[in-house]
Colleague: 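One structure, pasted below without further comment.
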Amino acid sequence: MATTALIVAAGRGTRAAAAGAAPKQYALLGGMSILRRTVLAFAGHPGIDHVAVVIHREDRSLYDEAMAGLTAKLLAPVTGGATRQDSVRLGLEGLAASNPGTVLIHDAARPFVSHDVISGVIEALARAPGAIAALPVVDTLKQEAPGLLIAGNVSRDRLWRAQTPQGFKFSAIRDAHDRAHRDGAGGMTDDASVAEWAGIAVALAPGSEENIKLTTAEDLALAERHLSAVAALETRTGTGFDVHRFTDGDHVWLGGVKIPHTQRLDGHSDADVALHALTDALLGTIGDGDIGQHFPPSDPKWKGAASILFLEDAARRVTARGGRIVNVDVTILAEAPKVGPHRAAMQAVIGQALGLTVDRIGIKATTTEGLGFTGRREGIAAMASATVTLPIA
Ligand code: MG
């Protein structure tokens, strides 16, 4: 069953935005809107199949601008309501047609959500029908008396601070929100509260101090400084090369697309020579061996495997290192079949796997003028390069 991230961006964000300015989720942070950063954090996670955003009815053009060029995994936006709780309920209603198995609800104003936090919530859903990112309270808690004096201490024992994402079985949280709405149970500030109200068990998963909610103008300024600190990034490139021979068959897999042909490519997996070269290019950026090491042809598990799995695994390895894929570029060397008619489909498949927009995915093809093994139509070769940024360790 699919997992959809529902990003709540319908608020007016008046505490952070200057009068007359766009709501804070559309403010630029390090040159990119907060909402786009948040959407990319989820779209780039291999455990997330789709991303949908709940927006304010007046924000459609701001939304379109913020999402320009993003198509991989992105569903149409949903119009929210007057409160956060209403907006989530309407957002869930908007997902009903696609009926995901799991939904991760997340505040647009938390753009620094990490791969690990998202993974942690997804994993915790194995323990309960609901799971949230949260952090134990570490500060000493004081209760206030009149005159801003301290009345006493509150034990922080077993107290946690709730963050987002908050993940749920889709049908369970949708029912809970609908019931709360019908019963007039409003004013709940997170979805775990709605779930608890409905009697749904919710598990705690590790949050992160970096996963802050940008609420005030001071938060935005702090985040801007934080970004320039993490701007200590280095750029790395990797290359890959692969060859597969032709054998009897009626189609080839190239770039994740099945193309009718007079022969097929021989190999243990689906023999997608383009994705193999690309997988090796990604692994090259982090010095993490090659495709044959991670998916040995000797292992029957990978017999006939879809090579997109190899590519997704390589992307996961890059993101696990804090890396971000900047662009990839593939060249296919073959007399036939023609690649041009399938280029857009290949870009879509690769974009989905890597969380990249199509303008970051080069797909090129050339013949070798009848020369060599590709020229003699004995097989197809592919080469690829990948560029990633990684925090300097
Ligand atoms: Mg290969």
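Ligands are counted one by one from 1 in listed order, and the atoms in each one are counted from 1 as well.
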Colleague: Would you call Arg161 and Glu209 a salt bridge, taking side-chain N to carboxylate O under 4.0 Å as the test?
Modeller: yes
Colleague: Which protein N, O or S atoms sit under 2.8 Å from the Mg ion (ligand 1)?
Modeller: Asp242 OD2, His244 NE2, His276 ND1
Colleague: Under 3.5 Å, is there a donor-acceptor pair between the His268 and Asp299 side chains?
Modeller: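 Absent: no donor and acceptor within the cut-off.
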Colleague: Applying salt bridge (Lys or Arg N to Asp or Glu O under 4.0 Å), can you list everything that pairs with Asp190, at least two apart in sequence or on another chain?
Modeller: none
Colleague: Under the ring-ring contact (aromatic ring centres under 6.0 Å, His included) rule, what pairs show up with a residue in residues 22-63, not counting sequence neighbours?
Modeller: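 Matches after skipping sequence neighbours: Phe42-His106, His45-His115.
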Colleague: Decide whether Thr374 and Thr368 meet the rule of one side-chain donor and one side-chain acceptor closer than 3.5 Å.
Modeller: yes
Colleague: Which hydrophobic side chains are connected to Ile150, either touching it within the sub-4.5 Å cutoff or through other members that do?
Modeller: none
